[in-house]
Amino acid sequence: MPELPEVEVTRRGISPHVAGQRITRADVRVPALRWPVPPGLDALLRGQTLRRVERRGKYLLLGCDQGWLLVHLGMTGTLRVLSDVTALPAAGKHDHVDLVFERCILRYRDPRRFGAVLWHPATAGDVLHHPLLSTLGVEPFSDDFSGALLHARTRGRSVAIKQALLAGDIVVGVGNIYASETLFRAGIHPRAAAGRISRARYDRLAQAIREILAAAIDKGGSTLRDFVGSDGQSGYFQLDYFVYDRTGKPCRVCETPIRHIVQGQRSTFYCPRCQR
DNA sequence: AAGGTAACCTGACTGC
DNA sequence: TGCAGTCAGGTTACCT
């Protein structure tokens, strides 16, 4: 799944159901995620109240009385709220963790197990200082994010702009789909050296990132087959992509066939005429 | 320090 | 129908 829009949609979807609710227990059926789910999580969480659901990049931060549960959805993770306690679906093969509340269950599913469920105790300090969060770039919707920032942070770097966006240490939340889409919107070639892109073009790119991510959030997150809404229903409809997964199809602006290349082992799609 | 690559894992799809 | 090969929305760890 999940680029920033899907994570944000998940946050908004689950928050009203679980914020303020007391955790009855945690069922960890498969602890072997990207990193092991901490042993003893059940005993740790029992009786704590989940206070709020925040997001940093693609991480969901579940603020509890004694610390934070960090949840990353990896490539195929989903979080769903099961609220019909009278007809709870049995846990499937890939339903690895349940947080059980008095009136609902928050179920973590992740077929590929690239995701993570970790615990950061309040005694360990600010959760944003967690090693996985401390190196993250700025939030695309924060006041700190701008063309000026992109420009400043890429000076002297020869890396391709597509890979610089994806790396997440300058700006978070732009995954493989939206990297291609935002570069198309800004008219920038994905192989352009990040350090040689002008300030004016970075202004366009920053605006494209904000607009496209916001549009995707508004539509309920774009989705591939794995994404399931937080209420257990699939069927979010995705944005109409301009370039992603459209190899050989005519550009929606100029009709030139869309091209596919590989950068850093990831697919990139672009229009050779609109993007220079 | 920056840049490139391998690795984690399962499922869907394609072609023979 | 089966099997092998390829690809998939992410990110860290390790190498040069």
Side-chain angles (χ1 to χ4, degrees), chain A residues 1-11 29-37 55-60 70-79 92-97 108-118 130-137 140 153-183 190-196 209 212-213 215-217 219-229 234 236-247 260-269:
Chain A
M1 109 141 204
E3 302 193 27
L4 184 145
E6 288 81 3
V7 179
E8 178 60 19
V9 167
T10 298
R11 188 191 70 77
R29 285 174 290 270
V30 180
L33 303 184
R34 170 97 198 245
W35 297 280
V37 177
R55 179 188 58 74
R56 177 73 177 96
K58 297 170 191 168
Y59 289 87
L60 286 165
L70 274 65
V71 178
H72 197 289
L73 301 176
M75 298 267 266
T76 53
T78 57
L79 272 178
K93 183 180 176 185
H94 302 299
D95 293 332
H96 306 315
V97 179
Y108 176 86
R109 171 180 294 179
D110 186 4
R112 281 177 80 179
R113 290 190 274 124
F114 282 3
V117 175
L118 299 169
H130 187 282
L132 292 171
L133 306 181
S134 64
T135 59
L136 295 179
R153 290 289 306 275
T154 51
R155 289 312 88 187
R157 296 194 58 188
S158 61
V159 68
I161 182 58
K162 158 73 163 21
Q163 293 176 266
L165 280 183
L166 220 45
D169 55 345
I170 301 175
V171 58
V172 294
V174 183
N176 202 44
I177 292 178
Y178 295 125
S180 285
E181 292 297 310
T182 55
L183 287 169
R191 281 198 177 122
R196 298 199 186 164
I209 288 170
I212 288 176
L213 293 183
I217 291 170
K219 292 209 172 184
S222 68
T223 169
L224 297 189
R225 58 186 171 276
D226 289 323
F227 188 68
V228 180
S234 55
Y236 285 127
F237 56 98
Q238 63 192 45
L239 288 180
D240 274 340
Y241 297 139
F242 279 85
V243 291
Y244 184 81
D245 204 22
R246 296 195 66 244
T247 311
H260 170 258
I261 58 176
V262 174
Q263 297 177 280
Q265 312 169 155
R266 310 297 302 279
S267 283
T268 302
F269 304 86

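Atom set for the values below is all heavy atoms of this structure, side chains included, hydrogens, waters and symmetry mates excluded. Chain letters run A, B, ... following the sequence lines, proteins first and then strands; every chain starts at 1.
Among the nucleotides C/dA8, C/dT11, B/dG11, the one closest to any side-chain atom of A/His72 is C/dT11. Closest contact between the side chain of A/Pro111 and the listed nucleotides B/dG11, B/dG3, C/dT11 involves B/dG11.
Atom OH of A/Tyr241 is separated from atom C1' of C/dA8 by 12 Å (rounded to the nearest Å). Rounded to an integer number of Å, the gap from A/Asp169 CG to B/dG3 P is 10 Å. Counting to the nearest Å, the P atom of C/dT11 and the CG atom of A/Leu73 are 10 Å from each other. Between A/Arg113 atom CZ and C/dG10 atom C1' there is a gap of 16 Å when expressed in whole angstrom units. Counting to the nearest Å, the P atom of C/dC7 and the CD1 atom of A/Ile261 are 15 Å from each other. Between the CG atom of A/Leu133 and the P atom of C/dT11 there is a distance of 11 Å, given to the nearest Å. Taking atom CD of residue A/Gln265 and atom C1' of nucleotide C/dC15, one finds them 13 Å apart after rounding to whole Å. C/dT11 atom P lies 8 Å from atom CG of A/Leu166, rounded to whole Å.
Partners of A/Arg196 by salt bridge (Lys or Arg N to Asp or Glu O under 4.0 Å), not counting sequence neighbours: none found. Take A/Thr247 and apply the side-chain contact (heavy atoms from CB on, under 4.5 Å) test, not counting sequence neighbours, and it matches A/His260, A/Phe269. For A/Arg56, the salt bridge (Lys or Arg N to Asp or Glu O under 4.0 Å) criterion is met by A/Glu139, not counting sequence neighbours. A/Gln263 pairs by the side-chain hydrogen bond (donor to acceptor under 3.5 Å, both in side chains) definition with A/Thr268, not counting sequence neighbours.
Across all strands, A/Arg266 comes closer than 4.0 Å to base atoms (heavy-atom distances).
Distance noted for atom P between C/dT6 and B/dA6: 15 Å (whole Å). For the P atom pair drawn from B/dG11 and C/dT12, the interatomic distance equals 25 Å after rounding to whole Å. Across C/dT11 and B/dA1, the matching P atoms stand 23 Å from one another, rounded to whole Å.
Looking at A/Ser180, its side chain never comes within 3.5 Å of a backbone N or O of A/Ile177 through a donor-acceptor pair. Between the side chain of A/Arg55 and the backbone N or O of A/Gly57, at least one donor-acceptor pair lies under 3.5 Å. Within the 3.5 Å criterion, the main-chain N or O of A/Tyr241 finds no donor-acceptor partner in the side chain of A/Glu181. Between the side chain of A/Thr76 and the main chain of A/Arg112, a donor-acceptor pair closer than 3.5 Å is present.
At least one side-chain heavy atom of A/Leu166 sits under 4.5 Å from a side-chain heavy atom of A/Asn176.
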- Evaluation steps, side-chain contact (heavy atoms from CB on, under 4.5 Å), between A/Glu3 and A/Leu73: CA-CA 9 Å; A/Glu3 302 193 27; A/Leu73 301 176; over 6 Å; no
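Stacking is found between A/Phe114 and the pyrimidine-like six-membered ring of the B/dC8 base under the 5.5 Å centre-distance and 30° plane-angle cut-offs.
OP1 or OP2 of B/dG3 has at least one side-chain nitrogen or oxygen of A/Arg157 nearer than 4.0 Å. For C/dA8, the OP1/OP2 oxygens have no side-chain nitrogen or oxygen of A/Thr76 closer than 4.0 Å. Listed pair A/Ser158 / B/dA2 fails the phosphate criterion, with no side-chain N or O lying under 4.0 Å from OP1 or OP2. Under 4.0 angstrom from either OP1 or OP2 of B/dT10 there lies no side-chain N or O belonging to A/Lys93.
Consecutive Watson-Crick or G-U pairs involving DNA chain C, each under 3.5 Å on both distances, make up stems of three or more pairs at B:2-8 with C:10-16, B:10-16 with C:2-8.
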Using a cutoff of under 3.5 Å, can you pull out all pairs of nitrogen or oxygen atoms linking the protein to nucleotides 12-14 of chain C, with atom names and distances?
{"residue": "C/dT12", "atom": "O4'", "partner": "A/Arg34", "partner atom": "NH2", "Å": "2.6"}

